[in-house]
Amino acid sequence: MSAGLVTGVALLGALAGRAAVPLARRFIGPPGGPRAVNSSGALPPGRPGGVAAAAVSGVERPALRHAVPLVGAVVFAGLAVARGTDAALPALLLTAAVGLALAVVDLACLRLPDPLVAAVAGAAALGLVPVALAGGTPERLLAALAGAAVSFAGYVLLALLPGARLGFGDVKLAAALGLPLGWHGWPTLGLGLLLPHLLNGVVVLALLAAGRVRRDTPLPFGPAILAGAWLAVLLA
């Protein structure tokens, strides 16, 4: 892909990042209004009753509003460079666009709302089906479904382990991202399953060393799942 096209895709990513913040705000709830809930219908452990107001306040910070478009530009540009000749690139970009909003929500209030997770799965599926049919490779859809099933099973097992901090929102997001990961093959899927834990471990160690968190501080895992999937598609 030419430099001009990569720049254009990066600008689309910046626009997707700008749209992600107001979209995320809808799933957090207005200050003083009804609180958004996670996929189990309850607030995460240790979150105070005024979480909605605090979360919305965090989303409205200028630093975050400027950072998300920058992240969107980097994410889109990376996909364009790595997968510029891939017919599935539009599906990957659409999935990434929804993922930006999911990451903002999870960072703000430790939630992965079911409608946004379903949108990630829908973006991947709707984008990959026409590519498979047009290319005469319907078997790749079976690989995508297998990737989703393997991701779901693996994260369910991790979530059920004693002391695990994974929520079923994380499980469902991993399954949704298993579609594009499985589409790109087993090595990509394997990286997509491994990298989130490595990335999260590095972040947690850095925060502990800086004294920003304690060992029992609840932290979002959705951004690590999304970043791991993105890196896996770039690297595989």
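Remember, it's a predicted structure, so these values are computed and weren't measured experimentally.
- You'll find the side chain of Val150 reaches within 4.5 Å of the side chain of Trp186, heavy atoms only.
- Clustering ILVMFWY residues whenever any of their side-chain heavy atoms sit less than 4.5 angstrom apart, transitively, puts Leu5 in the very cluster that holds Val75.
- Across all non-hydrogen atoms, the minimal contact from Ala236 to Thr188 is CB-OG1, 2.8 Å.
- Of the candidates Leu102, Val71, Leu107, Leu107 is the only one forming a side-chain contact (heavy atoms from CB on, under 4.5 Å) with Pro223.
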Could you walk me through whether Leu94 and Leu126 pass side-chain contact (heavy atoms from CB on, under 4.5 Å), step by step?
CA-CA 10 Å; Leu94 186 57; Leu126 292 176; over 6 Å; no

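- Side-chain contact between Leu179 and Val120 is absent, with no heavy-atom pair separated by less than 4.5 Å.
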Stepwise, does the side-chain contact (heavy atoms from CB on, under 4.5 Å) test hold for Phe76 with Val81?
CA-CA 9 Å; Phe76 273 47; Val81 171; over 6 Å; no

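- The shortest side-chain heavy-atom distance between Thr217 and Arg215 does not fall under the 4.5 Å cut-off.
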Quick one, Val171 with Leu158, criterion side-chain contact (heavy atoms from CB on, under 4.5 Å). Give me CA distance, side-chain angles, the key distance, then yes/no.
CA-CA 9 Å; Val171 173; Leu158 291 175; over 6 Å; no

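- Note that the CZ atom of Phe168 and the CG atom of Leu173 stand 14.0 Å from one another [nearest 0.5 Å].
- Under a hydrophobic-cluster definition in which Ile, Leu, Val, Met, Phe, Trp and Tyr are linked whenever side-chain heavy atoms come within less than 4.5 Å, directly or via other members, Leu166 and Val156 are assigned to the same cluster.
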Evaluate the criterion salt bridge (Lys or Arg N to Asp or Glu O under 4.0 Å) for residue pair Asp114 and Lys172; output intermediate values, then yes/no.
CA-CA 8 Å; Asp114 283 346; Lys172 287 179 277 191; 2.9 Å; yes

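- More than 12 heavy-atom neighbours from other residues, nucleotides or ligands sit within 6.0 angstrom of CZ on Arg83.
- Of all non-hydrogen atoms in Ala87 and Val131, the two that sit nearest each other are O-CG2, 3.5 Å.
- Within the 4.5 Å cutoff, the side chain of Leu79 has heavy atoms near those of the Val233 side chain.
- Considering all non-hydrogen atoms of both residues, Asp170 and Arg165 come closest at OD2-O, 4.4 Å.
- Between His184 and Asp86, some side-chain heavy-atom pair lies under the 4.5 Å cut-off.
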Does the side-chain contact (heavy atoms from CB on, under 4.5 Å) test come out yes or no for Leu191 and Leu231, once each step is laid out?
CA-CA 8 Å; Leu191 276 175; Leu231 285 173; over 6 Å; no

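- Across every non-hydrogen atom of Ala124 and Pro180, the tightest pair is CB-CD, 3.8 Å.
- Two different hydrophobic clusters hold Val213 and Val202 under the rule that ILVMFWY side chains link at heavy-atom gaps under 4.5 Å.
- A distance of 7.0 Å separates CG in Asn200 from CG in Leu219, rounded to the nearest 0.5 Å.
- Nearest heavy-atom pair across Gly228 and Leu199 is N-CD1, 3.8 Å.
- Scanning both residues, Leu141 and Trp183, for their nearest heavy atoms gives CD2-CZ3, 4.0 Å.
- Counting only heavy atoms from C-beta outward, the side chains of Leu116 and Leu112 never approach each other to under 4.5 Å.
- To the nearest 0.5 Å, atom CG of residue Leu193 and atom OG of residue Ser151 are 4.5 Å apart.
- Taken from CZ in Phe221 to CG in Asp106, the straight-line distance is 10.5 Å, to the nearest 0.5 Å.
- Residue Leu23 holds its CG atom at 10.0 Å from CD1 of Ile28, rounded to the nearest 0.5 Å.
- Each of Leu194 and Leu205 belongs to its own hydrophobic cluster when Ile, Leu, Val, Met, Phe, Trp and Tyr are linked at side-chain heavy-atom distances under 4.5 angstrom.
- Counting heavy atoms from C-beta outward, Leu208 and Val204 have side chains that approach closer than 4.5 Å.
- Between the CG atom in Leu234 and the CG atom in Leu195 there is a gap of 11.0 Å [rounded to 0.5 Å].
- Using a 4.5 Å cut-off between side-chain heavy atoms of Ile, Leu, Val, Met, Phe, Trp and Tyr, with links allowed through other members, Val74 and Val9 fall into the same hydrophobic cluster.
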